[in-house]
Amino acid sequence: MDFLHFKNRFQREKILPLYLVYGEEEFFVKEALSLIKSRLLTDDSTGPVPIRYVAGLTEMDGEETSLSTVLEEVRTPPLFGKGVRKLVIVYNAERLFKEGRGVWENYLASPPEDSVLVLVCKEVDSKDKTYEKLRRKGGSINCRRLKEDELGLWIQERVRHYGKQITLDALHILQENIGSKLLLLDGQIAKLALYLGSRNRIEVSDAEELVGYDRQHKVFDFTGAVARRDATLALRILHQLMAFMKSGEEAQTIIPPLAWQFRRLIRAKRLLSSGEGREAVASELRVPYRFLQDLVNQTQLFSKEELERDYKFLLETDIRSKTDNVDARLLLETLVFKFCK
Amino acid sequence: MSFNRILSQTLVVGYFQRTISRERLAHAYLLYGPEGVGKALFARELAKVLFCQKKGTEACDLCNPCRKVDSGTHPDLRWVAPLEGKRDIGIGQIVELETQVYLKPLEAKRKVFVLEDADKMTAAAANCLLKTLEEPPPGTLFLLTTASIHSLYSTIVSRCQKVRFHPLPTNVVKRLLSERLDWQRYKGLAALSCGSLGRATKLMEEKVITHIDRFLEIIQESRLEDCFSISEELMEWCPETKGLESRRSLLRTWLDLLLAYYRDMLLYKAGSSECTSGELELFYEALVPSFKARTRELSVDTLLQILEEIIAATEGLYNNANLNLLLDNLFLRIVDYEKGGVLHV
Amino acid sequence: MTYTVFARKYRPQTFEEVVGQEAVVTTLKNALLQGRVAHAYLFAGPRGVGKTSIARILAKCLNCQKGPTGSPCNECDSCRCISEGRDHMDVIEIDGASNRGIDEIRNLRKNVGICPSSSPYKIYIIDEVHMLTREAFNALLKTLEEPPSHVKFFFATTAPHKLPETILSRCQRFDLKNISLEDIVNRLKQLAKKEKIEVEEEALRAIARYAKGGLRDSQSLLDQLWVFSEGKITVADVQGLLGAVPEEKVAALVERLIQKDAPGAVKIVHETLKEGKDWDAFIEQILWYLRDLLVVSTCGYNSELLENPWREAQFLKAQSQALSRETLMAMIYMLTEVKRRARDDFQQRVFLEMAVIKLAMMDFHPLSEILARLEELEKKLSSRGVVPAHTLNCESVKDTGDSPQEEALIEKEIQASPPKSIEEAWTQLLEKLHRERQSTWSYLKEGRLREDGEGELTLEFPKDRPFPKKYLETNTQERTMLEEYLTGILGRRPRLKFALYERAAVAGGEATKDALKKEEKGKSLAEKAMEIFEGQVQKKGGLP
């Protein structure tokens, strides 16, 4: 079962004796474990302050434990008496899961009443029989990485979790700079939420301050400035882009996205002049919708020859950046002047 | 006496003397500048001043600590350089240095660590040094030297006070050279060293000195007509006995001398109408009388082209070109250019 | 005995003293106030921008006897231990580069479990963390995954890309930026005041520029200068220490090149050599000077974009007009070639002399450019109803670039719609916007539209009202909409730029002033073309 699905339903359903938590997205793995834990909490009011915790929790590393040890641990009745269930979590359980093929079947057939076992794996074989059985019962939790279109929603939800909101452009900056790994994203969101203080919404300026620039956007702005022969603006955008780079690596970081962008402009110009419409540009060049109009406008401002010439300038600059011992900024600025000549 | 050994780095010497008398000596200095201008020598003399019993801004050269520094036996002066037969300073050497940094000085009040050619530190070694270099225990002095500050990690550079050693003035090089032989005739060549004693000694190599007269004769008088025999003669002057590398290095010197000659003519052609030859800073001042006639038929453009050819040949040396092929082609082209026929493309 | 260098003496001790990292500081202070300090932080960034300093301040905040607080007292034992770099029982600073092995980290793991002795937290500051070995990282990871609540990890590194992702994903990461020139200058000013050092503002700027965003480097330099100089520290002192050439010399060299005075230029090169200047730095200086000229000639005198903004504006403008952009670019190229090819000081010297002679003889205005300019001029004249006295056939020599067909197409388009003056188009646009998009109209009405060159339009706003410009530059939608409107009115898609202008003192006279300006521009262009042409003829004769 997909983790997101599991998350929605879990609180309403009966807890199972065995869970298989697998997949690459560590953030979800953690969340799944804490969801399961939350169902097995015990109140303890014997101390000065009453606390809630998982009383019978055992955690093991599957690479350092044998199958029999795990089974023994699960079958030993809990020490805390009736009503307190045990929770055994085994990390890195790939080997154990494979080894215990028959064992798991038996286990599922007659599970101990008051124990819950969780196996955590990176990967599972989808043709595995135990897996299949578990899947049907709802005990397999697939913590896969989110796809690009799911990510936006997740970020928004996570920002809400910290009691804040986020603008769409700021969200793009997060996605663009941090990628799709949720642990990393979460760290950044937590940081931004703290930075806001009493303010409510994460704006582009906040994200630019703490995370980075929306490079795609900047690249579009950059070629836009070049298209308008506006060297001043182009230089300014270049400097913004460079502010975040390590000295010595500027050229290698900036040239590839620029090359990609000019390539896209050249191809778009070809498509459009052969009578195709914007839709063809969008689908064939995979241009995000938010940039489509800008791209089409820019192709009109450049002549075909200009684009091809600029593309060549890029190549020359790339080579020089790797052979000359010239300051990268000087090199890239000279490129801007060439573009805007 | 001691700082007198440091030639013509008066700025540097003055700076350190002031620093010492004002008691503002920092804990790490990076001494940088061309090769062979006295950086390591200075590091030693500075250590001497600091250890000297006279406690002034000059070392006495006579007391016990001074003599120990001179003989290389002072226990509080540690010298780190690439190990024999090694190209770089490894992390092992730095780890050892770090253990010494935290020991108390034995005889003096402070410990001095010299890292010669600090740019030769490996990445691991440099990173390992960073922390100690920034905040060493009191009484520690680091002196790093380098001839190429650009190849040193910026994290290292940024932790030191930078002290620049400039190239030695030509007359100083001249004076040094004249101690060894009669340099009156070739005094222009001192300028060729570009203020580096290291380079000057290279120019003075036995094999260069013996043939330099003949060389000048060839390039002036015979006008390079017989280009094949010239390259043969040049090859003879650079015997292969010490291996290909030393042969290339010798040839490089000859090509530099050739480059200097045409460079002189270029400057003469472009500037003699407005400048005296002294103002032009010519390498071969003695040859000026011949320049006038020679440059009459040569345009600035032609001279520039010839110079480009020589530079290209020098680059060929570094790219392991076949030496005969290289020299033959070079002189063939020079002759062509001089005849005014820019035939070969 | 050992004197404490400024960089160490003035290491920031409170968040307020940290320069140029406002966002990071705000976030950390908020975290402290809200009790939401993460268990692991990573401070990444270039040298000398405050990574270790911030980590230490944060440690002080957490373990201050009056804390946890956003501003440590700097008086209690804990604070003073950390400030003075003495051994602190519960704040353990580890140099990742010299303790990079697994044993050190295992040791650390063993101690992590032990509760702090005298403070609320046990804090590990690991500097140069990227230097740890893979095994050490793995060992560290286990602790990072489930650290005891009394343990905090602060990592600092100049190379975050060398850290394994597993570590990265368990830290709250801050990327520290290079410190701006302004910030460095201000910090140096404070420091100079405290130390009673007299120093020229310009000298401070030179120091900051040299330090390229590193505060530590700039402080070291000031430190040295103080010992080095008697009395007030001047720009000349800075240049002297760095082996840099005075700016006037660089400007004079370029002036010699403009005057085509090869001996004069060579003389300047020789003078600098005699002074024992740093060659590499000299070439670099010339390069940046030429780059500034290029900026002035392309973007106008815009001090914000200049590398060396305190140069005389008039002088820069004059020089940038004397050299075409192509020439400037060719000059930059030739000098970078010198840098690239020279293997030692000797070659550097000879190559630079050669380059200077070449540059002094260079053809500043290639024929194609003159023809293009004349063409432009003709168009200007014909659009004003003046028939040019002569016609030039430039088809065969025309510069590559715009394809003839496309140009013809544009021209046809222009002719198809009734020719409109820019003023007219602007009025029309405002009327239209007033009807259809009030909000846009309201901020646009202050602007004015100017045409420069072929098809390029500049929308200008008064200098004291810069907002609309900024808004249009960053808001693609709004700009596109505006272009759409203009396309409709002009019958072609304009190349639209935005700029600011100085508001004229008398508002009424603006229109006439504008017209006058145009008149002048036309005239100067004509004159310029003649100059160029004459220059060319003279040049030909002067060639050897």
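Quick note on labels: first sequence line is chain A, next is B, and so on, each numbered from 1. FYI, side chains are in, hydrogens and waters are out, and symmetry mates aren't considered; it's all heavy atoms of this structure. Source: prediction; values computed, not measured.
- The residues C/Arg341 and B/Glu308 are annotated as salt-bridged, a charged nitrogen and a carboxylate oxygen being separated by less than 4.0 angstrom.
- Less than 6.0 angstrom separates the ring centroid of B/Tyr29 from the ring centroid of B/Phe16.
- When each of C/Gln219, C/Glu93, C/Gln347, C/His130 is checked for heavy-atom pairs under 4.5 Å with chain B, C/Gln347 comes out on top.
- Annotation: side-chain hydrogen bond (donor to acceptor under 3.5 Å, both in side chains) contacts of B/Glu35 (sequence neighbours excluded): none.
- Heavy-atom distances place the side chain of B/Leu130, and not its backbone, under 4.5 Å from chain C.
- With 3.5 Å as the limit, one finds a donor-acceptor pair spanning the side chains of B/Tyr318 and B/Arg252.
- Contact annotation for B/Tyr268: neither backbone nor side-chain heavy atoms come within less than 4.5 Å of a heavy atom of chain C.
- Counting heavy-atom pairs under 4.5 Å between each of C/Asp217, C/Leu241, C/Leu273 and chain B puts C/Asp217 at the top.
- Proximity to chain C is absent for every atom of B/Leu129, based on heavy atoms less than 4.5 angstrom apart.
- For chain C, the nearby part of B/Arg22 is the side chain; its heavy atoms alone come within less than 4.5 Å.
- When heavy atoms are compared at a cutoff of 4.5 Å, B/Val12 does not approach chain C at all.
- Each of B/Val95, B/Ile94, B/Leu141, B/Leu259 has some count of heavy-atom pairs under 4.5 Å with chain C, and the biggest count is that of B/Leu259.
- Proximity to chain C (any heavy atom under 4.5 Å) is restricted, for B/Arg263, to the side chain, taken from C-beta onward.
- One finds no salt bridge joining C/Arg349 and C/Asp345 here, because no Lys/Arg side-chain nitrogen approaches an Asp/Glu carboxylate oxygen to under 4.0 Å.
- In this structure, a donor-acceptor pair under 3.5 Å is present between the side chains of C/Glu353 and C/His270.
- The minimum heavy-atom distance between B/Arg110 and B/Pro105, with the atom names listed, is O-CB, 3.8 Å.
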